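Below: the structure, in structure tokens.
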Amino acid sequence: RKEVEQDPGPFNVPEGATVAFNCTYSNSASQSFFWYRQDCRKEPKLLMSVYSSGNEDGRFTAQLNRASQYISLLIRDSKLSDSATYLCVVNIGNNDMRFGAGTRLTVKP
Amino acid sequence: GAVVSQHPSRVICKSGTSVKIECRSLDFQATTMFWYRQFPKQSLMLMATSNEGSKATYEQGVEKDKFLINHASLTLSTLTVTSAHPEDSSFYICSAIGTGIPQETQYFGPGTRLLVL
């Protein structure tokens, strides 16, 4: 089993749609969690840190479920500019960061 | 957010030459830097982790003698691809975590595209 697993997609959604991504992790001692987005041929950029209480930033909501060992990202009112690959990142301890393979999202007009 | 720069942004070289890539944290002290490689349409692959003043820790399958990493200061790490070959052509990205920025959050450099002819 991979340490961090994501549905690779692709997710093709119309503008305005709501889309959700899940990410599961295997190490129960994992300490912190992040979502990054990566555009084609660019570096990953931090989208959100994921806190145990869940957090929201505009159209984006991230949640953590430690019992089931998954984190989620919800995007509301999708924009064309949201098209990217979304990476789930888990710190399993001592700044040992593990990346998921990414979920590709395409938002269409 | 924190800024990480990389230089050069792209390089084309002949097979057998060595290429040095620099990664700098511009507005924070990078206690740990990570080097990744990404092939087209594939996910990031961690190559090595380096802590300032210490030897880098390489991931399994990454040749430490081929990919030389130096993290001599809190703002600079370098990756040298020695005797580069066409199969080393890839997108190399560094990231850093450190003091003065949100804890445990990685900030990435813009990447270096290496093409070995």
Side-chain angles (χ1 to χ4, degrees), chain A residues 2-11 21 23-25 27 29-52 55 57-58 60 62 64 71 83-106, chain B residues 1-7 9-10 21 23-25 28 30-52 54 56-60 71 89-99 101-115:
Chain A
K2 293 181 181 177
E3 287 178 300
V4 180
E5 290 200 68
Q6 293 182 249
D7 182 343
F11 285 65
F21 308 136
C23 168
T24 58
Y25 59 95
N27 190 325
S30 298
Q31 299 175 349
S32 51
F33 311 87
F34 308 87
W35 283 103
Y36 283 75
R37 68 169 281 167
Q38 186 177 22
D39 293 287
C40 188
R41 300 174 68 82
K42 298 284 189 182
E43 77 277 18
K45 292 188 186 296
L46 179 67
L47 182 63
M48 299 178 79
S49 302
V50 187
Y51 304 118
S52 56
N55 46 308
D57 182 3
F60 300 85
L64 166 65
I71 64 174
S83 298
T85 296
Y86 290 82
L87 302 169
C88 170
V89 181
V90 175
N91 181 351
I92 64 173
N94 295 319
N95 291 325
D96 188 350
M97 305 290 189
R98 302 289 162 162
F99 280 70
T103 298
R104 181 159 179 76
L105 171 67
T106 301
Chain B
V3 179
V4 176
S5 70
Q6 266 184 257
H7 177 80
S9 58
R10 60 183 66 221
I21 303 170
C23 177
R24 293 181 185 273
S25 58
F28 67 99
T31 50
T32 303
M33 283 185 166
F34 305 87
W35 285 97
Y36 295 86
R37 182 167 53 179
Q38 187 173 34
F39 294 105
K41 297 187 179 181
Q42 294 188 23
S43 57
L44 287 168
M45 289 172 40
L46 180 64
M47 299 175 68
T49 302
S50 73
N51 294 303
E52 185 264 339
S54 303
T57 302
Y58 289 79
E59 294 297 299
Q60 193 172 10
H71 189 170
S89 300
S90 188
F91 188 41
Y92 291 86
I93 313 175
C94 71
S95 71
I97 58 177
T99 59
I101 57 175
Q103 192 176 10
E104 301 176 332
T105 302
Q106 284 188 91
Y107 291 89
F108 285 83
T112 296
R113 293 206 177 276
L114 171 62
L115 176 61

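Predicted model, so just to flag it, every value in this text is computed and none were measured. Within every chain, numbering begins at 1; the chains are lettered A, B, ... in the order of the sequence lines, protein sequences first and strands thereafter.
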Under 4.5 Å heavy-atom distance to chain B, tell me which part of A:N91 shows up: side chain, backbone, both or neither.
->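 Answer is side chain: those atoms of A:N91 sit under 4.5 Å from chain B.
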Which atoms of A:R104 approach chain B - backbone, side chain, both or neither, heavy atom under 4.5 Å |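 Nothing of A:R104, per the 4.5 Å heavy-atom cut-off to chain B.
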Chain A contact via B:T49 - which portion, at a heavy-atom distance below 4.5 Å |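 It is neither, since no heavy atom gets under 4.5 Å.
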Under a 4.5 Å heavy-atom cut-off, does chain A meet the side chain of B:F91, its backbone, both or neither?
->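 For B:F91, the side chain is the part near chain A, not the backbone.
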Out of A:G102, A:S49, A:S32, which one racks up the most heavy-atom pairs below 4.5 Å with chain B?
->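 Heavy-atom pairs under 4.5 Å are most numerous for A:S32.
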Quick one: of B:G111, B:G109, B:P40, B:P110, who has the most non-hydrogen atom pairs under 4.5 Å with chain A?
->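 So the answer, after comparing B:G111, B:G109, B:P40, B:P110, is B:P110.
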Shortest non-hydrogen separation from A:S52 to A:L64 and the atoms involved |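 Answer, listing the atom of A:S52 first, then A:L64: CA-CD2, 3.8 Å.
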Taking B:E59 for the side chain and B:M45 for the main chain, is one N or O donor matched with an acceptor at less than 3.5 Å?
->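 No, the answer is negative, given that no donor and acceptor are paired below the 3.5 Å cut-off.
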Please check if the side chain of A:E3 supplies one atom and the backbone of A:R98 the other of a donor-acceptor pair under 3.5 Å.
->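 No; zero donor-acceptor contacts below 3.5 Å.
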Once you round to the nearest 0.5 Å, how far does CZ of A:F21 lie from CZ of A:F11?
->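 Taking CZ in A:F21 and CZ in A:F11, the distance rounds to 6.0 Å.
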Just do the side-chain hydrogen bond (donor to acceptor under 3.5 Å, both in side chains) check on B:Q38 and A:Q38 with the steps written out, would you?
-> CA-CA 12 Å; B:Q38 187 173 34; A:Q38 186 177 22; 2.8 Å; yes
